[in-house]
Amino acid sequence: MVEPVVVVHGGAWAVPEELWDESLQGVKAAARRGYGASIHCYCGVLTAGGSSVDAAEASVVCLEDNPVFDAGTGSVLTFDEQVEMDAIIIDGTTMEAGAVGAIRNVLNPVKVARLVMEKTDHIMLVGDGANKFAAAHGVQEVDPEVLITSLARQTLAKYKKYTSTVYHLFNKTEKPETSGHETVGCVVVDREGHTSCATSTGGITAKMPGRVGDTPIVGAGGFADDQVGAVSTTGHGEAIMKACLARHITSVMGTGESVKSSIQNGLAHMESRIKGFGGAIAVSCKGEVGTHFSTPRMTWAYIQAGKLHYGIHPNQHVTEDL
Ligand code: GLY
């Protein structure tokens, strides 16, 4: 028997002070949502088939519905002012995966990712194909405006102003620092040692239409295998894809390294080899938890053995009774 745990993150980036409190409240609520789901599964309240996957999905839906995060409602905007979202979910018991890329006009991409996992022979659907599949499975289309926050509009406007001035003067060697916001995710291990991960994002501000990042890629945005554990990553997608960050971290975990140092190893490799920055959460199949980031901040929270743990700053770890 394993002490079950639900770990969530709200993205690794330079979270500004005015968003600290809201982001922390958001990850705490998401951890509670997933943990409640997993406890219900364990107690048999849900019908057969309820699992760590239910908990991961429930937590990520909670994060997608919270406009403070760059996923679902609150997603950042493409260069042409649209919302295009990516998501993945993986069942570590079967290693089945489902993912969507550049999906539009749905509230919860992670739910569509789960449908892809369970209802198709494929792993990833993108663009119009993903939207048509979602509609065929009863997922309601929403007005794109519902997903867009004023912060997303302001961030894109700032980016465009920057690119039309400084960025070009520096021959594109300098990147604007206004493209903040990041991905959300969750990893779970239940009492039987079944693991899962889910990750969801609106991507990066001013991305090209049609750009798909790391989030829906198995081994980059997430990975889960009951023989080792589960990982969800956040950060610059192009770097995370090159580093296969989630798979890198589980490979190191598989050598017997602690979960935290496995994440540190993955992030150090990504930084030294590709100059990429980000963060990750992970849990081993035995219930050991790790969180780490190479960006200025990352909101995270987890619940295990009656305690709620959370943090946002480097080396911050607060513990409360549930
Ligand atoms: N990690 C999110 C993205 O780059 O799309």
Side-chain angles (χ1 to χ4, degrees), residues 8-15 23 27 60 63-64 66 68-80 82-90 99-104 109-110 112-113 124 126-127 130 147 151-152 155-156 159 175-187 197-223 231-249 263 266-267 269-271 274-282 291-300:
V8 304
H9 70 78
W13 62 295
V15 188
S23 303
V27 288
V60 169
L63 295 161
E64 287 176 337
N66 187 333
V68 78
F69 300 116
D70 171 21
T73 307
S75 288
V76 299
L77 297 172
T78 62
F79 197 81
D80 61 357
Q82 304 299 311
V83 168
E84 295 184 353
M85 300 165 287
D86 305 334
I88 191 168
I89 193 160
I90 305 177
V100 289
I103 194 169
R104 296 182 178 203
V110 74
V112 187
M124 194 195 306
V126 303
L147 301 170
L151 180 60
T155 308
L156 181 65
Y159 181 99
K175 295 269 183 184
E177 291 180 5
T178 55
S179 57
H181 262 66
E182 255 300 329
T183 310
V184 303
C186 177
V187 294
C197 72
T199 311
S200 182
T201 191
I204 52 176
T205 292
K207 63 185 180 182
M208 291 172 68
R211 177 264 191 188
V212 174
D214 60 301
T215 296
I217 310 290
V218 175
F223 194 72
V231 178
S232 170
T233 64
T234 160
H236 187 239
E238 279 67 15
I240 292 173
M241 282 188 275
K242 288 179 202 163
C244 298
L245 183 61
R247 186 69 187 101
H248 181 116
I249 292 167
I263 298 174
L267 291 172
H269 171 77
M270 187 166 83
E271 184 172 343
I274 311 165
K275 295 190 172 43
F277 297 88
I281 54 172
T291 67
H292 197 67
F293 48 97
S294 53
T295 51
R297 280 171 280 284
M298 178 178 84
T299 41
W300 58 269

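Quantities reported herein were computed from a predicted structural model and do not represent experimental measurements. Whatever order the structure lists ligands and atoms in, that order sets their numbers, starting from 1. The residues of the chain are indexed from 1 along the displayed sequence.
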| Are T215 and M85 close enough that some pair of their side-chain heavy atoms sits under 4.5 Å apart? |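 Sidechains of M85 and T215: no contact.
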
| message | Is there a side-chain contact between H269 and L245 in this structure, where contact means two heavy atoms from C-beta onward sitting under 4.5 Å apart? | response |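 H269 does not reach L245 side chain to side chain.
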
| Residues which pass side chain to side chain contact (heavy atoms under 4.5 Å, CB included) with A220, listed by chain and number, not counting sequence neighbours |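 Once residues adjacent in sequence are excluded, the partners of A220 under the side chain to side chain contact (heavy atoms under 4.5 Å, CB included) criterion are D214, I217, I240, M241.
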
| request: Identify the protein heavy atom lying closest to atom 2 (C) of ligand 1, giving its residue, its atom name and the separation to 0.1 Å. | output: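 Protein heavy atom at minimum distance: T183 OG1, 3.0 Å.
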
Polar contacts were defined as any N/O atom of the residue lying under 3.5 Å from an N/O atom of the ligand; does this apply to [X] and ligand 1?
{"X": "D214", "answer": "yes"}
{"X": "G235", "answer": "yes"}
{"X": "I204", "answer": "no"}

| query | What part of K207, side chain, backbone, both or neither, has a heavy atom within less than 4.0 angstrom of ligand 1? | reply |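 It is neither part, as no heavy atom is under 4.0 Å.
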
| field | Ligand-side contact atoms (ligand 1) for residue partner E182, heavy atom cut-off under 4.0 Å | value |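 Once the distances to E182 are compared, the set is 1 (N), 2 (C).
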
| said: So, using side chain to side chain donor-acceptor pair (under 3.5 Å) as the criterion, who are the partners of T234 when residues are at least two apart? | reply: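 For T234, the residues satisfying side chain to side chain donor-acceptor pair (under 3.5 Å) (neighbours in sequence not counted) are E182.
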
| Is ligand 1 less than 4.0 angstrom away from at least one heavy atom of R211? |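 Judged by the 4.0 Å heavy-atom criterion, R211 does count as contacting ligand 1.
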
| task | For residues V100 and A113, report the shortest heavy-atom separation together with the two atoms involved. | result |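 Smallest interatomic distance, heavy atoms only, reads CG1-N, 4.2 Å.
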
| query | Relative to the ring of F79, is the ring of Y159 parallel (under 30°), tilted (30 to 60°) or perpendicular (over 60°)? | reply |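 Aromatic pair Y159/F79 classed perpendicular.
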
